[in-house]
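Data first, discussion second: the structure below is written as structure tokens.
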Amino acid sequence: MPTIVPLTYEKREEPRLYFTSLLKNMKILVATEKPFSAAAVEGIRQIVEQAGHELVLLEKYTDKADLLAAVAEVDALIIRSDKVTAEVIEAARNLKIVVRAGAGYDNVDLAAASARGIVVMNTPGQNSNAVAELALAMMIYMARNRFTPGTGSELQGKTLAIHAYGNVGKLVGRKGKALGMRVIAYDPFITDATIFENDGVEQVASVEELYAQADYLSLHIPATAETRGSIGYERLMSMPKGATLVNTARKEVIDEEGLKRAMSERADLKYISDIAPANAAELEELFGKRFFATPKKQGAETAEANMNAGLAAARQIVDYLATGNTRFQVNK
Ligand code: 3PG
């Protein structure tokens, strides 16, 4: 049974104008096609019920109609990679808040939510360690020829290049350094060089420079209008001999045709992805041991990450309903 640490709230000088009363007896739905661990669900239940709300569960659903029916009467929603489309928002007549228990919120139609005044949050950092550990595991798996007989290689002494230096990127860098890798990183949104310096990580000036030096390139960019399909032929072809592209971010950021072309032209390149690309069967057939994809996203699938992200989501909802705290809101 998890220990539930009671939240303490900062006293607010000025109450939010639009948040005039404590919302009680709310229905909070956990809708997870890929469910949390039973212990995490129990922890979420305790937080929800201790705050005087009701927990509703929809797990392992396979039909969108089930989600549409489940959201109809609820006030708050906790999801993972579940798709909250305009249709779902439309069906959720009482919905006030959606919390994506995790980092990426590309599965939520933010415009549709904002149009209805629904707050959308994520739980940044809560599952980062699990994803970072998987990224390193994937590097070792590919370095050792996917654990098939034959001579592999070591990570020590190789250059680990991190594309986007957020919560996961930082942890990947730290773990890479512990394995004796040289770590370089690029993040166009970080202007403070001391963030890299303090971690002993070399900041490179451009994305081109990052890929040109990467024995292992670990992707941590979100799927946005700008990044979708942005990693393809050109980037892969610029990587050093024997390079491996590791994707624990989103499959959508890959230009799959470009990737296929680069791997066809260069028999030394490898690609490993946490969630299968659309052309996975073809890549498997063409490239054998040089390609691997998890059948279902594994990054956040640890007991610890389930607990951290699930409980954070429940706390954020309870807090929002009690105080109007919008700290982790992503559609401000
Ligand atoms: C995230 O964005 O937090 C990860 O991709 C985890 O996704 P999941 O909750 O569907 O496993």
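Order of appearance sets the numbers: ligands from 1, and atoms from 1 within every ligand. Quick note: numbers below take in every heavy atom, side chains included, and nothing from hydrogens, waters or symmetry partners. For reference, positions follow the sequence shown, starting with 1.
- Scanning the protein heavy atoms around atom 10 (O) of ligand 1, the nearest turns out to be Ser81 OG, 2.4 Å.
- Using a 4.0 Å cut-off between charged nitrogen and carboxylate oxygen, Glu301 and Arg80 count as a salt-bridge pair.
- Considering backbone and side-chain atoms together, Ala300 places no N or O closer than 3.5 Å to any N or O of ligand 1.
- Within the structure, side-chain hydrogen bond (donor to acceptor under 3.5 Å, both in side chains) pairs that include any residue of residues 232-244 comprise Tyr233-Glu265 (at least two apart or interchain).
- The protein heavy atom nearest to atom 5 (O) of ligand 1 is Lys297 NZ, 2.7 Å.
- Shortest contact from atom 3 (O) of ligand 1 to any protein heavy atom: Ala103 N, 2.6 Å.
- Of all the heavy atoms of Asn122, none lies under 4.0 Å from any atom of ligand 1, so neither backbone nor side chain is involved.
- Every N/O-N/O distance between Glu301 and ligand 1 stays at or above 3.5 Å.
- Among all non-hydrogen protein atoms, the one lying nearest atom 11 (O) of ligand 1 is Lys34 NZ, 2.7 Å.
- More than 12 heavy atoms of other residues, nucleotides or ligands lie within 6.0 Å of CD in Glu208, so this atom counts as buried by the packing criterion.
- Here Asp192 pairs with Thr194, Ile195 under the side chain to side chain contact (heavy atoms under 4.5 Å, CB included) rule; sequence neighbours left out.
- Note: an N/O pair closer than 3.5 Å links Gly104 and ligand 1 by distance alone.
- Not a single donor-acceptor pair under 3.5 Å links the side chain of Ser273 to the backbone N or O of Ala276.
- Taking the six-membered ring for Trp and thresholds of 30 and 60 degrees, His163 and Tyr211 have ring planes more than 60 degrees apart, a perpendicular arrangement.
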